[in-house]
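Working notes, structure below.
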Amino acid sequence: MGKANRLGLALAGLVVVMALFSAGSRLITVHQQTSDWALWPRAVPSKVQFADRDYSCGREAKLAVAADDGGLGPGDAALQGLSVRGKTAGGADIYASAAAVPPVIKVLADEGVYGCTLMGGP
(Lines give C-alpha, C1' and ligand atoms only; values in the text may rest on other atoms or scores of the structure.)
Protein backbone atom coordinates (compact mmCIF):
# COMPACT_ATOMS: atom_id res chain seq x y z
CA MET A 1 0.00 0.00 0.00
CA GLY A 2 1.45 3.31 -1.03
CA LYS A 3 1.91 6.38 1.09
CA ALA A 4 -0.92 8.22 -0.75
CA ASN A 5 -3.38 5.38 -0.01
CA ARG A 6 -2.50 5.40 3.71
CA LEU A 7 -2.93 9.16 3.84
CA GLY A 8 -6.32 8.91 2.08
CA LEU A 9 -7.49 6.21 4.52
CA ALA A 10 -6.30 8.26 7.47
CA LEU A 11 -8.19 11.33 6.24
CA ALA A 12 -11.34 9.29 5.59
CA GLY A 13 -11.07 7.79 9.08
CA LEU A 14 -10.65 11.26 10.57
CA VAL A 15 -13.77 12.49 8.74
CA VAL A 16 -15.79 9.53 10.07
CA VAL A 17 -14.56 10.09 13.64
CA MET A 18 -15.41 13.82 13.45
CA ALA A 19 -18.89 13.04 12.09
CA LEU A 20 -19.52 10.54 14.90
CA PHE A 21 -18.26 13.02 17.48
CA SER A 22 -20.53 15.75 16.10
CA ALA A 23 -23.60 13.48 16.07
CA GLY A 24 -22.83 12.21 19.57
CA SER A 25 -22.42 15.74 20.87
CA ARG A 26 -25.75 16.75 19.31
CA LEU A 27 -27.50 13.70 20.82
CA ILE A 28 -26.20 14.58 24.28
CA THR A 29 -27.23 18.24 23.95
CA VAL A 30 -30.79 17.37 22.87
CA HIS A 31 -31.03 14.73 25.62
CA GLN A 32 -30.00 17.26 28.27
CA GLN A 33 -32.67 19.71 27.06
CA THR A 34 -35.53 17.28 26.45
CA SER A 35 -34.73 13.82 27.92
CA ASP A 36 -35.22 12.43 24.39
CA TRP A 37 -32.45 10.66 22.47
CA ALA A 38 -32.76 12.40 19.10
CA LEU A 39 -30.66 14.59 16.83
CA TRP A 40 -33.39 17.28 16.74
CA PRO A 41 -35.93 18.03 19.49
CA ARG A 42 -39.60 17.29 18.85
CA ALA A 43 -42.09 20.16 19.09
CA VAL A 44 -43.40 18.56 22.31
CA PRO A 45 -40.44 16.82 23.94
CA SER A 46 -40.63 14.55 27.00
CA LYS A 47 -39.24 17.35 29.16
CA VAL A 48 -39.80 21.09 28.66
CA GLN A 49 -37.68 23.71 30.42
CA PHE A 50 -39.64 26.81 31.44
CA ALA A 51 -39.04 29.45 34.15
CA ASP A 52 -35.82 27.66 35.16
CA ARG A 53 -37.83 24.53 36.00
CA ASP A 54 -38.51 21.22 34.26
CA TYR A 55 -41.97 20.09 33.16
CA SER A 56 -42.98 16.57 32.13
CA CYS A 57 -44.76 16.45 28.76
CA GLY A 58 -45.34 12.88 27.68
CA ARG A 59 -47.17 12.07 24.46
CA GLU A 60 -50.10 10.86 26.60
CA ALA A 61 -50.54 14.43 27.88
CA LYS A 62 -52.51 15.52 24.80
CA LEU A 63 -55.50 17.65 25.89
CA ALA A 64 -56.96 18.71 22.55
CA VAL A 65 -56.53 17.47 19.02
CA ALA A 66 -56.09 19.74 16.02
CA ALA A 67 -59.06 19.82 13.66
CA ASP A 68 -58.71 18.69 10.06
CA ASP A 69 -58.62 22.33 9.00
CA GLY A 70 -55.84 23.07 11.53
CA GLY A 71 -58.30 25.18 13.52
CA LEU A 72 -56.64 24.66 16.89
CA GLY A 73 -55.04 27.87 18.11
CA PRO A 74 -54.77 30.40 20.93
CA GLY A 75 -58.58 30.75 21.11
CA ASP A 76 -59.06 27.06 21.94
CA ALA A 77 -60.79 26.28 25.26
CA ALA A 78 -57.71 24.33 26.45
CA LEU A 79 -55.68 27.56 26.31
CA GLN A 80 -58.17 30.09 27.70
CA GLY A 81 -56.77 32.34 30.40
CA LEU A 82 -53.19 31.55 29.39
CA SER A 83 -50.72 33.53 27.33
CA VAL A 84 -47.67 32.63 25.27
CA ARG A 85 -44.70 32.69 27.63
CA GLY A 86 -42.00 30.91 25.65
CA LYS A 87 -41.07 28.16 23.22
CA THR A 88 -40.01 24.55 23.59
CA ALA A 89 -36.64 23.36 22.33
CA GLY A 90 -38.52 22.10 19.26
CA GLY A 91 -40.18 25.47 18.58
CA ALA A 92 -43.76 24.94 19.86
CA ASP A 93 -45.45 27.73 21.87
CA ILE A 94 -45.60 27.42 25.66
CA TYR A 95 -48.77 28.80 27.27
CA ALA A 96 -48.85 29.51 30.99
CA SER A 97 -50.56 31.62 33.61
CA ALA A 98 -48.91 34.72 35.06
CA ALA A 99 -47.65 32.76 38.11
CA ALA A 100 -43.87 32.83 38.57
CA VAL A 101 -43.71 29.01 38.56
CA PRO A 102 -47.02 27.64 37.30
CA PRO A 103 -47.74 24.01 38.32
CA VAL A 104 -48.98 23.23 34.78
CA ILE A 105 -48.04 24.66 31.40
CA LYS A 106 -49.60 23.88 28.04
CA VAL A 107 -47.79 23.42 24.76
CA LEU A 108 -49.48 24.19 21.44
CA ALA A 109 -48.09 22.04 18.63
CA ASP A 110 -49.41 21.38 15.12
CA GLU A 111 -51.07 18.15 16.24
CA GLY A 112 -52.74 19.48 19.40
CA VAL A 113 -52.42 20.95 22.89
CA TYR A 114 -50.39 19.11 25.53
CA GLY A 115 -50.50 19.59 29.30
CA CYS A 116 -47.14 19.50 31.07
CA THR A 117 -46.75 19.18 34.82
CA LEU A 118 -44.02 20.59 37.04
CA MET A 119 -41.34 18.05 37.93
CA GLY A 120 -39.97 18.03 41.46
CA GLY A 121 -41.22 20.16 44.33
CA PRO A 122 -42.55 23.71 44.34
Side-chain angles (χ1 to χ4, degrees):
M1 187 178 280
K3 190 174 186 176
N5 285 341
R6 283 193 300 253
L7 182 60
L9 285 175
L11 286 175
L14 180 62
V15 168
V16 169
V17 168
M18 290 177 63
L20 289 173
F21 177 78
S22 177
S25 175
R26 178 73 181 160
L27 279 171
I28 290 169
T29 299
V30 171
H31 180 71
Q32 288 174 338
Q33 292 175 338
T34 68
S35 292
D36 297 329
W37 288 105
L39 289 175
W40 290 272
R42 297 185 321 228
V44 184
S46 299
K47 178 180 77 175
V48 171
Q49 296 174 335
F50 173 73
D52 295 325
R53 300 297 297 271
D54 293 331
Y55 288 81
S56 176
C57 296
R59 297 311 257 173
E60 66 281 352
K62 188 181 281 190
L63 302 174
V65 179
D68 289 338
D69 64 356
L72 189 63
D76 189 81
L79 300 174
Q80 286 185 356
L82 305 176
S83 60
V84 177
R85 304 267 313 272
K87 291 209 175 274
T88 66
D93 289 332
I94 297 173
Y95 284 77
S97 66
V101 181
V104 175
I105 61 172
K106 295 184 180 175
V107 176
L108 175 61
D110 289 341
E111 64 273 8
V113 176
Y114 293 81
C116 307
T117 56
L118 182 63
M119 297 169 69

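Fair warning: this is a prediction, and the values are worked out from it, not measured in the lab.
Of all heavy-atom pairs between Arg53 and Gly120, the closest is NH2-C, 4.3 Å. Between Ala78 and Leu82 the shortest heavy-atom distance is O-CD1, 4.2 Å. Taking all atoms of both residues into account, the shortest heavy-atom contact from Tyr55 to Phe50 is CE1-O, 3.6 Å. When all heavy atoms of Leu118 and Pro102 are compared, the pair lying nearest together is CB-O, 4.4 Å. Heavy atoms only, all atoms of each residue included: Ala100 and Ala51 are closest at O-CB, 3.7 Å.
Residues Leu27 and Leu39 meet the side-chain proximity criterion, which asks for heavy atoms closer than 4.5 Å. Proximity of Lys106 to Leu79: side-chain heavy atoms (C-beta onward) are separated by under 4.5 Å at one or more points.
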Without placing hydrogens or testing angles, list every side-chain donor-acceptor pair under 3.5 Å for residues 84-91, not counting sequence neighbours.
| from | atom 1 | to | atom 2 | distance (Å) |
| --- | --- | --- | --- | --- |
| Arg85 | NH1 | Ser97 | O | 2.1 |
| Lys87 | NZ | Asp93 | OD1 | 2.5 |
| Thr88 | OG1 | Ala43 | O | 2.7 |
| Thr88 | OG1 | Gly90 | N | 3.3 |
| Thr88 | OG1 | Gly91 | N | 3.2 |
| Thr88 | OG1 | Ala92 | N | 3.0 |

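In this structure, Met18 shares a hydrophobic cluster with Leu14, the cluster being traced through Ile, Leu, Val, Met, Phe, Trp and Tyr side chains under 4.5 angstrom apart. Connectivity analysis of hydrophobic side chains (ILVMFWY, heavy atoms under 4.5 Å, direct or indirect) links Leu20 to Val16. Cluster partners of Val15 are absent, since no Ile, Leu, Val, Met, Phe, Trp or Tyr has side-chain heavy atoms less than 4.5 Å from it.
Annotation: salt bridge (Lys or Arg N to Asp or Glu O under 4.0 Å) contacts involving residues 11-25, sequence neighbours excluded, are absent.
The structure places OG of Ser56 at 10.0 Å from CD1 of Ile105, a figure rounded to the nearest 0.5 Å. Atom CG of Leu63 and atom SG of Cys116 lie 8.5 Å apart (nearest 0.5 Å). Between the CG atom in Leu7 and the CG atom in Leu11 there is a gap of 4.5 Å [rounded to 0.5 Å].
With sequence neighbours excluded, the residues forming a side-chain contact (heavy atoms from CB on, under 4.5 Å) with Gln32 are Ile28, listed by chain and number.
Linking ILVMFWY residues whenever their side-chain heavy atoms come closer than 4.5 Å, directly or via other members, places Ile94 and Val101 in the same cluster. Val104 and Met119 are members of different hydrophobic clusters when ILVMFWY side chains are connected at heavy-atom separations under 4.5 Å.
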